Amino acid sequence: MLNFEYKNPTKILFGKDQIARLAKEIPTGSKVLMLYGGGSIKTNGIYEQVKTALAGFDLLEFGGIPANPEYEILMDALALIKKEQITFLLAVGGGSVIDGTKFLSSAALYEGSEPWDILAKPIRSEKGIPFGTVLTLPATGSEMNSGAVITRRSTQQKLGMGGPGLFPQFSILDPQVIRSIPEHQIANGITDAFTHVLEQYMTYPAHAILQDRIAESIMQTLIEVAPIIMKDRSDYDAACDFMWSCTMALNGLIQKGVPTDWSVHAIGHELTALHNIDHARTLAIIAPNLYRYKFNNKKEKLAQYAERIWNIRTGSVEEKASAAIEKTESFFHSLNIKTKLSEYTADYKQTAAFAAERLKSRGWIALGERKDITPDDVYKIVEMSY
Ligand code: NZQ
Ligand code: ZN
């Protein structure tokens, strides 16, 4: 096991009707800006619940943060935060609204002239103005971590940021919110969370038995509840397991003491930046092919995953590992998630060159747990995904 530090200060309020407890979590006298997305909260009752819970607070609103939160739109929110001297941010949404809020939390205290530098340089966010979240879509784990991913549409860039100053003060996780989520977003959430576990697991054996077992438990839980929650989003028990699995997949716990990869995400972000494909779907396109391409590096963990997750008990290490990749792809298909780039866009042929060039231009000469995935390898992996 590798050395590690672990601190996660986010308070979780989990369960039915927890939104009503909001007022107690925000310091009295705060000037609050509530941030939300394209309007789903206005039709599913969450907006009303938040407004009722915060009656008595000095409360402003900023809606319209799109999926894959856009820098240009967030800059309008930043101007409002400064003009109104906001002291507390409340994100009400999925990963996009929460990530946008994290950017604003950092940018509001940033002293440089160009907040994009926080992403482009990148600058670690040691501090931010305090914020909390009401999670409406289980998927990213952003509600209990300190990272964010922001898009700049004008330059087709999608970049990450983060730092210890960007943990939410609290996050409210009421699994009842799942009832209004469209089926394809549920599928995205399962796929994103599952791939988060894979990125922190599918490397090489690191004698971290507990981390492996926790990671495997999260994957097993997602596989078990996926068909239930896909069929019936009002199944509260399944909604609880789904929501908590997504949070646990990326709150830092399972990555401690082990090597991590994250190249599926790095490449996937380029597919979203170029073709506007949903984040989770880019992962399903890349992950199976990345595991095929880096097979020798990952075959021991792939074989362990084959045995423990997919119950593949016979065959050589290589045979089990290959079968596990096929099972993973079939799992994504069972969620109606397509795994070929050409199934998402007719304009796919330049994508390999675009992704490889982008990563190179950013100085990312090597990705992966062994830092041996070069831009040329990225080219080949993306080409395999056509
Ligand atoms: O905008 P509204 O109208 O609210 O609709 C949203 C949006 O269209 C809708 N939605 C959310 N909750 C709903 C709902 N619809 C009905 N009922 C509800 N209860 O769902 C759509 C997608 O929302 P979004 O927030 O974009 O989805 P997700 O949570 O998957 O977030 C994706 C973003 O998070 C980033 C991704 O790159 C992407 O930009 N990620 C953030 C991470 C992090 N901070 O740790 C890690 C992830 O790997 C990921 O990169
Ligand atoms: Zn993700």
Side-chain angles (χ1 to χ4, degrees), residues 10 19 35-47 49-50 63-71 73-74 91-103 105 119 125 133-153 157-163 166-168 171 173-200 233 239 242-243 246-247 249-252 255 260-273 276-284 286-287:
T10 301
I19 295 173
L35 298 125
Y36 55 91
S40 68
I41 65 166
K42 293 244 170 105
T43 53
N44 59 18
I46 297 173
Y47 178 83
Q49 288 181 57
V50 171
I65 297 176
N68 306 309
E70 281 176 28
Y71 179 72
I73 292 171
L74 294 170
V92 184
S96 294
V97 173
I98 299 175
D99 282 10
T101 301
K102 287 177 177 173
F103 167 76
S105 162
L119 293 131
S125 299
T133 89
V134 174
L135 181 66
T136 66
L137 174 57
T140 63
S142 189
E143 66 278 6
M144 200 179 174
N145 69 39
S146 60
V149 192
I150 305 296
T151 295
R152 195 166 192 176
R153 188 181 276 250
Q157 285 170 294
K158 184 168 185 184
L159 300 180
M161 57 173 288
L166 295 187
F167 282 98
S171 283
L173 276 57
D174 180 345
Q176 296 176 116
V177 298
I178 288 164
R179 285 186 298 216
S180 63
I181 301 174
E183 188 185 291
H184 76 279
Q185 290 294 353
I186 297 274
N188 283 354
I190 296 166
T191 303
D192 193 20
F194 196 83
T195 313
H196 291 159
V197 180
L198 289 176
E199 297 264 41
Q200 301 163 89
R233 295 190 285 291
F242 168 42
M243 194 174 228
C246 293
T247 304
L250 197 49
N251 64 4
Q255 75 180 25
T260 56
D261 184 338
W262 294 112
S263 51
V264 175
H265 272 70
I267 302 169
H269 289 331
E270 299 304 332
L271 304 193
T272 300
N276 207 20
I277 302 169
D278 289 353
H279 168 65
R281 288 164 199 255
T282 68
L283 309 177
I286 297 299

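Every number for a ligand or one of its atoms is a count from 1 in the order of the listing. This one's a predicted model, so the numbers in the text were calculated from it and none came from an experiment.
- Every atom of ligand 1 with a heavy atom of Ser180 under 4.0 Å away is listed here by number and element: 16 (C), 17 (N), 18 (C), 19 (N).
- Of the possible polar contacts, none joining the Arg153 side chain to the Glu70 backbone as a donor-acceptor pair under 3.5 Å is found.
- Here the protein heavy atom with the shortest distance to atom 8 (O) of ligand 1 is Gln185 NE2, 4.5 Å.
- Proximity to Ala67 (heavy-atom distance under 4.0 Å) selects the following atoms of ligand 1: 26 (O).
- Closest N/O/S atom of His279 to the Zn ion (ligand 2): NE2.
- Contact annotation: the side chain of Leu198 never approaches that of Val264 to less than 4.5 Å [non-hydrogen atoms, C-beta and beyond].
- At the shortest separation from atom 33 (C) of ligand 1 among protein heavy atoms lies Ser96 OG, 3.5 Å.
- Between the side chain of Ser105 and the main chain of Thr101, no donor-acceptor pair closer than 3.5 Å is present.
- Between Gly189 and ligand 1 there is no heavy-atom distance shorter than 4.0 Å.
- Annotation for Gly37 and Val97: closest pair N-CG2, 3.5 Å, computed over non-hydrogen atoms.
- A 4.5 Å side-chain heavy-atom check between Met243 and Leu135 finds at least one atom pair inside the cut-off.
- Between the Glu143 side chain and the Leu173 main chain, no donor and acceptor come within less than 3.5 Å of each other.
- In terms of protein heavy-atom proximity, atom 19 (N) of ligand 1 is nearest to Thr136 O, 2.9 Å.
- By the 4.0 Å heavy-atom criterion, Asn188 is excluded from the residues contacting ligand 1.
- Among the atoms of Val177, some N or O lies under 3.5 angstrom from an N or O of ligand 1.
- Environment of CZ in Arg152: crowded, with over 12 heavy atoms of neighbouring residues, nucleotides or ligands closer than 6.0 Å.
- In this structure, Thr140 and Gly95 approach most closely via the heavy-atom pair OG1-CA, 3.6 Å.
- Protein heavy atom closest to atom 10 (N) of ligand 1, with residue, atom name and distance, is Ser40 OG, 3.8 Å.
- Ligand-side atoms of ligand 1 in range of His269: 37 (O), 50 (O), range being under 4.0 angstrom from any heavy atom.
- With hydrogens and angles disregarded, a donor-acceptor distance shorter than 3.5 Å links the side chain of Asp174 to the backbone of Gln176.
- Applying the 4.0 Å criterion to heavy atoms of His265 picks out, from ligand 1, the atoms 48 (O).
- Counting heavy atoms under 4.0 Å from ligand 1, residue Asn68 touches it through both backbone and side chain.
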In sequence, state the C-alpha distance, the side-chain angles, and the governing distance for Ser180 and Asn44, and then conclude on side-chain hydrogen bond (donor to acceptor under 3.5 Å, both in side chains).
CA-CA 6 Å; Ser180 63; Asn44 59 18; 3.1 Å; yes
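- Of the N or O atoms in Gly147, one or more lie within a sub-3.5 Å distance of an N or O in ligand 1.
- Looking from atom 45 (O) of ligand 1 to the surrounding protein, the closest heavy atom is Asn145 ND2, 2.9 Å.
- Without hydrogens or angle criteria, Ser146 side chain to Gly162 main chain gives no donor-acceptor distance under 3.5 Å.
- Heavy atoms of Gly93 stay at 4.0 angstrom or farther from ligand 1.
- Considering both main-chain and side-chain atoms, Lys102 never comes within under 3.5 Å of ligand 1 through any nitrogen or oxygen pair.
- No side-chain heavy atom of Glu270 sits less than 4.5 Å from a side-chain heavy atom of Thr282.
- Shortest contact from atom 23 (O) of ligand 1 to any protein heavy atom: Leu137 CD2, 3.4 Å.
- Side-chain contact between Ile186 and Phe242 is present, with at least one heavy-atom pair separated by less than 4.5 Å.
- Residue Asp278 does not touch ligand 1, judged by heavy-atom distances below 4.0 Å.
- Below 3.5 Å of separation, one finds no N or O of Val149 facing any N or O of ligand 1.
- Residue-ligand proximity, Asp192 to ligand 1, at heavy-atom distances under 4.0 Å covers atoms 47 (C), 48 (O).
- At a distance under 4.0 Å, a protein heavy atom can be found next to atom 35 (C) of ligand 1.
- Contact atoms of ligand 1 toward Gly37: 1 (O) (distance under 4.0 Å to a heavy atom of the residue).
- Contact check for His265 versus Val149: no side-chain heavy atoms found under the 4.5 Å cut-off.
- Within ligand 1, the atoms closer than 4.0 Å to a non-hydrogen atom of Leu250 are 45 (O), 46 (C), numbered from 1 in the order shown.
- For atom 44 (N) of ligand 1, the nearest non-hydrogen atom from the set Asp99, Asn44, Val97 comes from Asp99.
- Put simply, the side chain of Gln255 does not reach to within 4.5 Å of the side chain of Glu199, judged on heavy atoms.
- Taking NZ from Lys102 and CG from Asn145, the interatomic distance works out to 4.0 Å, rounded to the nearest 0.5 Å.
- Residue-to-ligand polar distances keep Ile41 apart from ligand 1: every N/O pair is separated by 3.5 Å or more.
- Using a 4.0 Å cut-off to heavy atoms of Pro69, the atoms of ligand 1 that qualify are 39 (O).
- Ile178 is not listed as a side-chain neighbour of Gln185, based on a closest heavy-atom distance of 4.5 Å or more.
- Proximity of Lys158 to ligand 1 is established by a heavy-atom distance of less than 4.0 Å.
- As for Asp192, its N/O/S atom nearest the Zn ion (ligand 2) is the one called OD1.
- Closest to atom 29 (O) of ligand 1 among all protein heavy atoms lies Gly95 N, 2.7 Å.
- Taking 4.5 Å as the limit, some side-chain heavy atom of Pro138 sits within range of a side-chain heavy atom of Ile181.
- Using a 4.0 Å cut-off between heavy atoms, Thr272 makes no contact with ligand 1 at all.
- Considering CG of Leu271 and NE2 of His279, their distance stands at 11.0 Å, rounded to 0.5 Å.
- Gly141 does not count as a contact of ligand 1, since none of its heavy atoms falls under 4.0 Å from the ligand.
- The distance criterion of under 3.5 Å between nitrogen or oxygen atoms is met by Gly38 with respect to ligand 1.
- Scanning all protein heavy atoms for the shortest distance to atom 49 (C) of ligand 1 gives His279 NE2, 3.3 Å.
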